[in-house]
Each structure stands twice: as structure tokens, then as C-alpha cells.
Amino acid sequence: MIGLISATAAGAAARDRLAAAWPDRTRVYEGPVADAVRAAFASCEQLVCFLATGAVVRLVAPLLAGKAADPGVVCVDEGGRFAVSLLGGHGGGANDLAREVAGVLGAEPVVTTATDAVGLAGLDTLGLPVEGDVAAVSRALLDGEAVALRAEVAWPLPPLPVADEGAYTVRLTDRLVEPGEGEAVLRPPTLVVGVGASKGAPVEEVLALVEGALREAGLSAASLAELATVDAKAEEPGIVEAARRLGVPLVTYGAEELARIDVPHPSDAPLAAVGTPSVAEAAALVRGGELLVPKRKSERADGGPARATCAVVRRPGRGRLAVVGLGPGARDLLTPRAEAELRRTSVLVGLDQYVDQIRDLLRPGTRILESGLGAEEERARTAVEEARRGRAVALIGSGDAGVYAMASPALAEASDDIDVVGVPGVTAALAAGAVLGAPLGHDHVSISLSDLHTPWEVIERRVRAAAEADLVVTFYNPRSRGRDWQLPKALAILAGHRAPTTPVGVVRNASRPDESSRLTTLAALDPATVDMMTVVTVGNTATREVAGRMVTPRGYRWQETPERQEIQKAQEARETRETRETQEEAR
Ligand code: SAH
């Protein structure tokens with residue numbers, strides 16, 4: 001919960017805006033500010049104080065307990081211009097919160113933690129537990145000293161400016177190691193422990209078994225991703241509580257699914273009890289991986305029969321492929337989610353001109369694989385290959401990366417051994433629509449006029465269908481130096497079903513510095529004014545120009561206009577003629 005505290009009317013107004021934006025995440029603390037801060041500090045994970053930093057420093061100073069326990073505190077100034085991360089930048093999440101609050105209030109986030117200020121991922125912000133000499137290694141990274149990465153497992157880490165050799169090391173391992181001087185150890189969640197237990201098995205027995213198995217195998221509990229068992233044991237208190245104390249989720253599988261897993265130590269007891277010859281080994285292995293600790297049983301101080309079993313598996317690190325749409329060009333049309341993906345990627349794959357669009361957002365150490373126009377298939381393959389090596393990869397495209405872009409060739413190559421994340425972007429049709437007015441207010445379609453990968457007959461058939469269905473049409477890839485007859489041809493097909501006065505919007509470089517747009521008509525459009533940086537939007541029979549803007553009514557009951565009636569009549573006449581001709585042919 002985020003506690004909100006304010007003192008003045010302006011502060012209260014900003015506070016209310018934040019509370020309205022995040023009704024489930026925030027709680028307003030009223031009353032004298034000193035009491036409010038104290039109460040919120042005691043019960044919230046984070047505080048946003050609409051007060052001067054000095055006032056907040058004085059109020060929280062006597063309450064500070066330590067980095068691990070204190071909430072994150074963000075201050076917003078009286079003018080609502082800055083959201084200052086004051087306390088708990090990393091551990092308390094105040095840096096991220098400052099950015100989020102700034103986003104809601106239209107303020108500037110102020111972050112002074114060194115690693116964040118220069119755009120480095122702080123070692124403690126990678127989402128992985130970290131041990132060892134974290135402060136020294138972070139300082140070395142910041143100072144640009146050589147820091148070596150020793151990765152014992154593949155894991156999709158965000159970029160770190162690491163070298164092959166160095167006086168400092170970041171070690172990525174799930175094994176129990178004693179971090180040396182100048183060494184920080186990152187713990188990837190690679191380990192799964194499968195657990196079986198008889199009814200009523202005490203939590204202490206389960207926990208001692210799991211912890212003992214990990215320790216004796218030289219594995220770190222900080223790398224434990226989950227406990228796994230059979231559905232029938234989903235509510236078994238000893239297992240549920242053990243997972244809770246270990247701070248990991250309990251995942252359960254059906255007995256049938258577990259029975260199909262090939263395990264080294266099947267037995268009759270679980271088969272009779274829950275319907276699978278193995279619980280611990282099978283539940284640990286069901287999602288694949290390497291069996292590090294075969295089934296073992298718990299030991300009881302009183303020498304009685306064991307009530308729990310466990311087995312440990314290491315799952316291979318899964319790479320991550322983010323397919324990220326950058327929007328039409330303007331920075332403020334790049335979504336915050338796209339920006340976050342770009343900052344967590346360690347390998348960026350894309351067309352050189354798109355890379356230029358976002359280069360400043362990338363963290364130091366990001367590997368950039370850029371290529372020129374035409375290398376689409378190769379880019380898609382590279383991105384997937386990099387992800388399959390366990391890396392965090394972003395494949396970028398302008399607009400939406402799934403619209404006439406890289407998402408499909410990449411996903412056509414991708415296997416199920418990588419995670420894929422899609423981040424939508426503002427596609428050209430929408431960016432152009434906003435420039436033109438409201439052309440997409442009713443059913444619409446996008447058609448690419450590029451016959452590089454699609455035979456012209458197919459394109460023409462679709463244009464014809466759109467014309468007959470009276471859809472608003474946005475043409476992508478409308479015209480290039482080598483392809484100049486396609487657009488006039490497509491417009492002629494539409495003109496067969498729409499009046500010559502039908503509005504047509506031509507938008508070039510939407511949202512880019514040299515954006516231009518024109519509103520014309522089907523009869524008056526000069527194709528020579530159209531190039532590959534342009535989208536052409538053709539209205540339907542109801543689209544009108546209103547005060548210089550292109551507007552397609554959204555109603556299904558359209559106003560009957562004389563023009564519409566005329567077109568309707570012409571269309572009906574043609575259909576009757578066609579029907580007659582077909583009938584005659586049939587005879
Ligand atoms: N994935 C992109 C489309 C790629 S196809 C998207 O979702 O927008 C390339 C075509 O998109 C160009 O030929 C042009 O027709 C159109 N286009 C892309 N960005 C544009 C922009 N900013 N302004 C106008 N047209 C654009």
C-alpha cells in the first residue's frame with residue numbers, strides 16, 4: 001500500500017489525482033502531517049509526501065530503522081513539478097515510484113542513486129537476489145572499472161557493462177559459493193524442488209528435508225524458483241507452509257501428467273495413494289531440466305517412518321524475446337512499457353534507422369545488432385538465436401512491430417524454449433488518423449500495396465473486397481520509386497464504389513519532425529505526392545470533410561445523403577447486371 005500525505009490545498013489536489021489514478025494501491029492519511037507520516041511509515045510499503053523534502057527528512061528521521069525495513073519515500077513539491085526519490089531508492093522501490101508518480105502527475109522524476117542516475121541497472125534492481133560485495137561492484141561498474149561476468153547458467157540478464165576479465169566480478173550461479181572480495185553473486189531462479197508428503201507431515205520435517213537436500217548438493221536456497229507437487233497435495237499444510245517460509249510459490253500438477261514422466265526411482269506407495277509412481281522426482285522434472293538430487297526421504301529424530309520426499313532439478317535458463325513497437329516516431333508516442341523493455345534488454349535487434357530512434361534509451365553495455373533495409377529474415381533469425389542462447393533480446397519495429405513488420409517472421413522461427421513478450425505500438429494508420437481527424441470512426445481495414453512478398457492479384461482482390469464492403473481503407477507501403485502504378489490502380493477500384501468527392505487523407509511522416517498532411521478527394525489525389533513515408537486513408541461513402549478534418553460517422557444508421565443514394569442505386573444496378581450476366585452464361 002502507498003500512503004499519501006499532504007498539507008496544503010495544492011498538495012491535496014495533486015494527492016487526490018494520484019489517489020484517483022491508483023485507487024487500489026493508495027491510502028490517504030489525513031490529519032496533522034507529523035501523525036500522518038508516522039502512521040503511514042509504520043504500515044505502508046511506500047509513501048508519497050506532497051511536502052518539502054526538508055519537512056519530510058525531519059519527520060522520518062526518528063523513524064528510520066534500516067535499508068531493508070524502511071518504506072520507500074517520494075516527495076512531490078508544491079508546484080507538482082518534481083517527484084523526488086528521497087528514501088529507499090532501490091530496496092524501497094522509491095526510484096521506480098518516483099518515475100510512476102511523475103508519469104501520473106506530469107512531473108519530472110528526480111533520482112539521485114548513482115546507478116540509476118547514469119542509466120546503469122543497479123545490481124539490486126535486476127529482479128534477482130544478490131549477495132556479496134554489492135556496493136563495491138556497483139561502484140566499480142559506475143566508475144567504469146573492469147568488471148567480469150562469470151555466468152555459470154544462462155539467464156536473460158539486463159545489460160551490464162562487463163568485460164571478460166576484471167578485478168571485480170559479477171557471478172551468476174545457483175551454487176553455494178562464498179563471495180570473494182570484489183565479488184557480487186546473482187541468484188537466478190533456476191532450481192525446482194519436487195516434494196511429496198504423507199498426510200499430516202509436519203512443516204519442520206518438510207523444510208528440513210528441502211533445505212538439507214539443497215545444502216548437501218551445494219545449492220543455494222536463494223535460487224529456488226518453486227516447490228512442486230501433485231494436485232492431491234495442493235492443500236497439504238506441511239508443504240504449503242514450507243513453500244511460504246521459503247518464499248516461493250507452490251506449483252501442482254495432475255497425477256496423470258506426473259505418471260507420464262520418466263523418473264529414476266518410481267515406487268508403488270504413491271501410485272496407490274495419489275495415482276502416480278513418482279511425486280517428488282516427477283513434479284520436479286515435469287517442465288524439463290537436469291535432476292541434481294534424486295529422490296530422498298526425510299529423517300525423523302524419533303526414528304519413525306519418513307513422511308516426506310524431495311528431489312531437486314535445475315531448469316535451463318529461458319531466453320526472452322521482446323517484440324517491441326516503437327510507435328510512429330515521436331518520443332512521447334513510445335509507450336512506457338516499450339521504454340522499460342528497451343532498458344532491460346541486453347541485445348537489441350533492428351533496422352538501423354529505428355535503432356537511431358531510441359539509441360539514447362539503451363543502457364550502457366547493450367549489444368546492438370543493426371542491419372539495413374531488406375535483411376528482415378536475417379534479423380528475425382538473429383533475434384531468435386540470441387534469445388535461445390538465454391539472453392534478453394528486443395526486436396524492434398516502427399509503429400506496431402506486429403503490423404507489416406518483424407513479429408511474424410520472428411515468431412515463425414521461434415520455438416517454445418524461449419519466452420516471448422509483445423509490446424504494442426501506435427501503428428501508422430492510427431497516428432495518421434489522429435492527424436487527419438476521425439477517419440477510422442467506423443469499420444476500416446489496412447492494406448499494404450507492396451507486392452514484394454504478396455502477388456498483386458491477391459492485393460487487388462482485397463482492395464476490391466474492401467471497396468465492395470464500403471470499408472475505410474488505410475494503404476501502407478503505398479508507393480515507391482520502383483512501384484508507382486499500384487496506388488492509382490487501387491484508388492481506381494475504390495472509385496468504382498465511392499463518389500469522386502470521397503475524402504482522402506495523405507499523411508507523411510506522422511509524428512516526426514517533418515510531418516505533413518493533406519486532405520483531398522479520390523478524384524483530386526495526385527499519386528506523385530505519395531511515397532514510402534506516407535499512409536493514404538480513403539474514406540467510406542459516409543466519410544465527410546468537416547472544418548478541414550476527415551470524419552467518418554460511427555453510427556450504423558447513416559444519414560442518407562443524395563450522393564449515397566446515387567451510389568447505392570449504381571451499385572444495385574451493377575449487381576443486377578452481373579447477376580443477369582451470370583445467369584445468361586449459365587444458360
Ligand atoms: N509496423 C509499421 C508499418 C511498417 S510498413 C507500423 O505499424 O506503422 C511501412 C509503411 O508504414 C510505410 O511505407 C508507411 O506507409 C507506413 N508508415 C510507417 N510509419 C509512418 C509514419 N510515421 N507516417 C506515415 N506512414 C508511416
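Read the numbers this way: they start at 1 and go in the same order the structure lists the ligands and their atoms.
Close contacts of ligand 1 with Val507, meaning ligand atoms under 4.0 Å from a residue heavy atom, involve 24 (C). Heavy-atom contacts of Thr427 reach the following atoms of ligand 1: 6 (C), 7 (O), 8 (O) (cutoff under 4.0 Å). Every atom of ligand 1 is numbered from 1 in the order shown, and the set under 4.0 Å from a heavy atom of Met533 is 23 (N), 24 (C), 25 (N). In summary, the atoms of ligand 1 found under 4.0 Å from a heavy atom of Gly399, numbered by their order in the structure, are 6 (C), 7 (O), 8 (O). Applying the 4.0 Å criterion to heavy atoms of Pro478 picks out, from ligand 1, the atoms 15 (O). Of all atoms in ligand 1, listed by their number and element, those nearer than 4.0 Å to a heavy atom of Ala405 are 1 (N). Within the listing of ligand 1, atoms 14 (C), 15 (O), 25 (N) sit less than 4.0 angstrom from a heavy atom of Thr534. Ligand-side atoms of ligand 1 in range of Asn509: 22 (N), 23 (N), 24 (C), range being under 4.0 angstrom from any heavy atom.
For the residue pair Thr427 and Tyr476, a side-chain donor N or O sits within less than 3.5 Å of a side-chain acceptor on the partner. Side-chain contact check for Asp531 and Thr534: at least one donor-acceptor pair (N or O, by modelled atom type) lies under 3.5 Å. Checked by atom type, the side-chain pair Asp470/Asn540 shows no donor-acceptor distance below 3.5 Å. For the residue pair Arg367 and Ser346, no side-chain donor N or O sits within less than 3.5 Å of a side-chain acceptor on the partner.
A salt bridge links Glu100 to Arg25: at least one charged side-chain nitrogen sits closer than 4.0 Å to a carboxylate oxygen. The pair Arg331-Asp360 counts as a salt bridge, with a side-chain nitrogen and a carboxylate oxygen less than 4.0 angstrom apart.
Geometrically, ligand 1 and Ala428 share a nitrogen or oxygen pair separated by less than 3.5 Å. Checked against a 3.5 angstrom limit, the closest N/O atoms of Met532 and ligand 1 fall inside it. Polar contact check, Asn477 against ligand 1: a nitrogen or oxygen pair lies under 3.5 Å apart.
Among protein heavy atoms, atom 1 (N) of ligand 1 sits closest to Val403 O, 2.7 Å. Summary of contacts: the protein heavy atom closest to atom 11 (O) of ligand 1 is Tyr476 CD2, 3.4 Å. Among all protein heavy atoms, the one lying closest to atom 4 (C) of ligand 1 is Tyr404 O, 3.6 Å. What sits closest to atom 19 (N) of ligand 1 on the protein, heavy atoms only, is Arg512 NH2, 3.3 Å.
The option from Ser398, Ser446, Gly397 that lies nearest to atom 2 (C) of ligand 1, judged by heavy atoms, is Ser398. With atom 23 (N) of ligand 1 as the reference point, the heavy atom nearest to it among Ser448, Gly327, Ala510 is part of Ala510.
If you look at Pro328 next to ligand 1, the close heavy atoms, those under 4.0 Å, come from the backbone and the side chain alike.
Two residues are said to be in side-chain contact when any heavy atoms from C-beta on lie closer than 4.5 Å; Val463 and Phe475 meet this criterion.
Contact between Ser511 and ligand 1 is absent, with no heavy atom of the residue lying under 4.0 Å from the ligand.
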Stepwise salt bridge (Lys or Arg N to Asp or Glu O under 4.0 Å) check, Glu257 with Arg287
CA-CA 11 Å; Glu257 192 176 0; Arg287 291 280 173 266; 3.5 Å; yes

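Residues Val530 and Pro478 come closest through the heavy atom pair CG1-CG, 3.5 Å. Contact between Ser517 and Val507 at its shortest, heavy atoms only, is CB-CG2, 3.9 Å.
Within the 3.5 Å criterion, the main-chain N or O of Leu351 finds no donor-acceptor partner in the side chain of Ser371.
Each of Thr474, Leu440, Val403 was evaluated against Leu430; a single residue qualifies, Leu440, per the side chain to side chain contact (heavy atoms under 4.5 Å, CB included) test.
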